[in-house]
2 protein chains.
Amino acid sequence: MSRSNPRVVSVLERAGGFASAQEVYRLMQREGESIGLTTVYRSLQSLVNDKFVDVLRREDGEAIYRLCGGAHHHHLVCKGCGETVEIEGGAIEKWAKTMAQEFGFRDVGHTAEIFGLCPKC
Amino acid sequence: MSRSNPRVVSVLERAGGFASAQEVYRLMQREGESIGLTTVYRSLQSLVNDKFVDVLRREDGEAIYRLCGGAHHHHLVCKGCGETVEIEGGAIEKWAKTMAQEFGFRDVGHTAEIFGLCPKC
DNA sequence: TATGGAAATGAAAATCATTTTCATTTGTGC
DNA sequence: GCACAAATGAAAATGATTTTCATTTCCATA
């Protein structure tokens with residue numbers, strides 16, 4: 001299993017926001033770093049597993065990554081410009097727990113995203 | 001330009017929630033409807049343009065479609081066997097509304113899924 | 001009822017992100 | 001130095017989506 005690659009982390013830091021795997025790869029190439037696309041994908045995935053980065057999807061479906069604090073949170077995403085706000089989901093956590101119990105599900109996780117148009121759009 | 005295809009709309013109605021283009025296609029095939037995948041994609045796109053359906057992205061990036069205004073519910077999905085239970089999300093609706101208001105978002109929708117292991121798995 | 005053009009259709013090819021395969025390289029403990 | 005596990009990356013495979021392009025269906029009008 002590939003480990004969280006410090007070179008990839010560094011690129012994400014410098015990118016300072018969201019970047020797709022392809023973008024990370026192109027950036028590293030442009031800077032003369034020798035790395036394979038496969039390794040970029042693997043590194044990003046293990047960073048996601050370790051909760052060092054957040055994944056989201058562009059409107060075209062491409063996955064985009066960003067370093068994140070690691071705390072569990074949800075997103076409010078603008079359909080127009082893609083701006084995202086991290087939000088609290090206390091109500092969701094409770095709801096998920098309740099529902100899981102009601103139907104006898106164990107080992108549960110959940111996703112919850114809100115999407116709409118931000119004030120600017 | 002392809003027009004909003006009533007057969008595709010009908011499938012989405014019966015699906016009663018989100019369905020991907022591929023799923024719509026497979027469903028129609030299974031029911032003996034003769035239609036091309038290309039046409040499914042085009043119909044869905046024009047339905048989106050006309051705001052008759054909403055698009056979202058699954059976690060794997062696949063686009064999923066749902067009739068706007070249709071009955072709205074959430075899912076409890078088993079990671080083991082794939083069984084899904086439709087559940088109520090009253091708490092979620094409230095949460096989404098509150099959050100949207102707080103950040104000035106308009107025209108909002110949301111997704112929320114819970115996944116875990118069902119009693120049998 | 002013909003007929004001509006516009007819109008709709010779909011099969012097959014192209015595209016593009018992502019994943020898988022697999023052989024090679026690198027690193028680490030002994 | 002040696003063996004073995006982990007990491008790497010090139011190339012092929014995958015899978016959704018889009019594009020191309022030739023054919024078919026509609027529909028208005030002669």
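In what follows, chains are A, B, ... by sequence order, proteins preceding strands, each numbered from 1.
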d([atom1], [X]; [atom2], [N]) in whole Å:
X: A/Asp60; N: C/dA17; atom1: CG; atom2: P; answer: 8 Å
X: B/Asn5; N: C/dA7; atom1: CG; atom2: C1'; answer: 13 Å
X: A/Ile35; N: C/dT26; atom1: CD1; atom2: P; answer: 15 Å
X: A/Arg58; N: C/dC16; atom1: CZ; atom2: P; answer: 15 Å
X: A/Arg57; N: D/dT17; atom1: CZ; atom2: P; answer: 11 Å
X: B/Glu59; N: C/dT18; atom1: CD; atom2: C1'; answer: 15 Å
X: B/Leu37; N: D/dA16; atom1: CG; atom2: P; answer: 9 Å
X: B/Gln22; N: D/dT18; atom1: CD; atom2: P; answer: 11 Å

- Using a cut-off of 4.0 Å on non-hydrogen atoms, how would the nucleic acid contact of A/Glu62 be classed: base, sugar-phosphate, or nothing? sugar-phosphate
- Query: So what does B/Glu23 hit on the nucleic acid, given a heavy-atom distance under 4.0 Å: a base, only sugar-phosphate, or nothing?
  - Reply: nothing
Using only atom types and a distance under 3.5 Å, with no angle test, would you say the side chain of [X] pairs donor to acceptor with the backbone of [Y]?
X: B/Trp95; Y: A/Gly90; answer: no
X: B/Ser10; Y: B/Pro6; answer: no
X: B/Arg57; Y: B/Gly61; answer: yes

- Electrostatic pair B/Lys97:B/Glu102 at N-O distance under 4.0 angstrom: no
- Query: Would you call B/Arg7 and B/Glu33 a salt bridge, using N to O less than 4.0 angstrom?
  - Reply: yes
- Query: If each of A/Thr38 and A/Arg26 is mapped to the nucleotide of DNA chain C with the nearest heavy atom, which maps nearer the 5' terminus, i.e. the 5' end?
  - Reply: A/Arg26
- Out of C/dG10, D/dT17, C/dT21, whichever nucleotide has its closest atom nearest the side chain of B/Ala21: D/dT17
- Query: Does A/Gln45 put a side-chain nitrogen or oxygen below 4.0 Å from OP1 or OP2 of C/dT19?
  - Reply: yes
- Item | Any B/Tyr41 side-chain N or O less than 4.0 Å from OP1/OP2 of D/dT18 | no
